[in-house]
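Residue numbers count from 1 along this sequence. These figures come from a predicted structure and were not determined experimentally.
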Amino acid sequence: MSALPVEATDTTAPPPGPAPLSAGLPPAGSPAPTTGPPARTAAPRPPLRTPGPPASRRGTRIALPVALALLAVPLITAAHHARPAPYGDHLTVHARVAAGAERAGEPELRRTGRAVEAYDPGSGKARWTYAREGRRPLRTLGAPGHAFTLWSDGLVTDTARADGGSVRWHRAVPGSAAWLRGPAARGGAGVLRPLTPGARMLAVVTPHRIAAYRTVDGDLRWVLPARPGCAFVPARSVRTRGVLLVAQPCASPAASWTSQLIAVDDYGRIVPGRTPLGNGDLGPEK
């Protein structure tokens, strides 16, 4: 009998190679090994905060603007009092007048080199003094409750006559300053002329024009310019029977004498057949 071939079996170990992925893992279903402490999950970090100023510093920040505001009040007040007076006015009251006694005896007015002075008619004591920086009073006209003054710079003022409590108004006369410095002005003679009893209306006469003011508030009521080639002469004026006559000489020898003399009242120039406008006298309402 022939022998059957025998299959040869290789008993040599296979060469070492990488361990399978399942090597070293516990069998399925077995508990996980506890060879080390469990991993910790990092807690979320809180957001960074900028530290604020301490309470004392916050209080300082609040108190500082308040302190500055309080300090500014006296500074503002001092600056207000340090401002130059309008028109360079310096009005000084020397003696107070009792209420209701203003009209009992209005003070006498006097001009000095640099000021207008008012003196009590009974005692002779000074009541008030009014001066303007760098200016001289040329003429003064007294009326019930009013002290009108013409100054060297061509300004006309009205001061409360009884007590010198205020300068009610200032009115500039255009183009008069240079004329007042010359000899033709005669120191402002005749420039201030009352137009009504009690000087409720005041005329300011200069060579170029006549202007009328309502004295209660200084409102300009009318203006009369001189004729071409003619000029008013304030010193040659006179008031009679409620009319102010003013000389207006003309350069032309052919000018009639009637054109060289004009008549005005509180409503303006007096001419035949005129219908003057009212001056709006401020009286009590009816």
Side-chain angles (χ1 to χ4, degrees), residues 108-113 116 132 135-144 146-159 161 169-215 218-274 276-277 279:
E108 299 174 358
L109 303 176
R110 304 177 190 173
R111 284 193 327 275
T112 63
V116 177
R132 296 180 57 228
R135 305 293 184 258
R136 295 182 300 106
L138 300 180
R139 295 286 166 172
T140 302
L141 174 65
H146 301 270
F148 306 108
T149 304
L150 171 67
W151 297 85
S152 57
D153 60 347
L155 201 71
V156 177
T157 61
D158 175 27
T159 309
R161 182 176 179 180
W169 46 261
H170 306 71
R171 294 295 179 267
V173 183
S176 62
W179 170 72
L180 288 170
R181 290 193 294 267
R186 300 185 184 181
V191 172
L192 304 179
R193 292 290 189 179
L195 291 175
T196 57
R200 291 181 294 106
M201 290 283 292
L202 176 71
V204 179
V205 185
T206 59
H208 300 293
R209 65 185 60 86
I210 301 175
Y213 298 91
R214 187 172 56 195
T215 59
D219 186 56
L220 178 64
R221 303 309 301 166
W222 53 263
V223 176
L224 176 64
R227 289 183 56 185
C230 307
F232 297 122
V233 182
R236 295 170 57 187
S237 60
V238 62
R239 185 172 181 270
T240 177
R241 297 184 180 182
V243 176
L244 179 65
L245 301 175
V246 183
Q248 183 187 223
C250 302
S252 173
S256 63
W257 70 269
T258 55
S259 65
Q260 300 185 63
L261 182 68
I262 66 166
V264 297
D265 60 9
D266 54 330
Y267 293 109
R269 186 176 182 182
I270 300 175
V271 294
R274 71 169 184 170
L277 298 176
N279 283 323

Minimum heavy-atom distance between Thr149 and Leu192, given as atom pair plus value: C-CD1, 4.1 Å
Partner residues of Ala184 under the side chain to side chain contact (heavy atoms under 4.5 Å, CB included) criterion, sequence neighbours left out: Trp179
Under 3.5 Å, side-chain donor or acceptor atoms of residues 204-212 against the rest of the protein: list the pairs with distances, not counting sequence neighbours.
| from | atom 1 | to | atom 2 | distance (Å) |
| --- | --- | --- | --- | --- |
| Thr206 | OG1 | Arg209 | O | 3.1 |
| Arg209 | NH1 | Pro174 | O | 3.3 |

Val191 and Leu138: CA distance, side-chain angles, deciding distance, side chain to side chain contact (heavy atoms under 4.5 Å, CB included) verdict: CA-CA 10 Å; Val191 172; Leu138 300 180; over 6 Å; no
Sidechain-backbone polar pair: Arg221 side chain, Asp266 backbone, donor-acceptor under 3.5 Å: no
Arg214 side, atom CZ; Thr196 side, atom OG1 - distance, nearest 0.5 Å: 12.0 Å
Under 3.5 Å: donor-acceptor pair, side chain of Arg193, backbone of Ser237: yes
Arg135: partners by salt bridge (charged side-chain N to carboxylate O under 4.0 Å, His left out), with sequence neighbours left out: Asp153
Leu202 CG to Tyr213 OH distance, which is reported to the nearest 0.5 Å: 9.0 Å
More than 12 heavy atoms of other groups within 6.0 Å of Arg236 CZ: no
CE-CG distance between Met201 and Asp219, expressed to the nearest 0.5 angstrom: 8.5 Å
Side chain to side chain contact (heavy atoms under 4.5 Å, CB included) involving Arg274 - partner list, sequence neighbours excluded: Asp265, Tyr267, Ile270, Val271, Pro276
Thr159 OG1 to Trp169 CH2 distance, which is reported to the nearest 0.5 Å: 9.5 Å
Minimum heavy-atom distance between Leu224 and Phe232, given as atom pair plus value: O-CE1, 3.6 Å
Heavy-atom closest contact (Ser176 atom, Gly154 atom, distance): OG-CA, 3.3 Å
Other residues, nucleotides, ligands: >12 heavy atoms within 6.0 Å of Arg136 CZ: no
Partners passing side chain to side chain contact (heavy atoms under 4.5 Å, CB included) against Ala255 (at least two apart in sequence or in another chain): Cys250, Ser259, Gln260
Where Val243 and Ala263 come nearest, the two heavy atoms and their spacing: CG1-CB, 3.6 Å
Shortest non-hydrogen contact between Leu109 and Ala147, atoms and distance: CD1-CB, 3.7 Å
Arg139: partners by side chain to side chain donor-acceptor pair (under 3.5 Å), with sequence neighbours left out: none
Over all atoms of both residues, closest heavy-atom pair of Ala199 and Thr215: O-OG1, 2.9 Å
Sidechain-backbone polar pair: Gln248 side chain, Ala226 backbone, donor-acceptor under 3.5 Å: no
Arg132 side, atom CZ; Leu155 side, atom CG - distance, nearest 0.5 Å: 4.5 Å
Spatial distance of atom CZ (Arg171) from atom CG (Asp158) [nearest 0.5 Å]: 9.5 Å
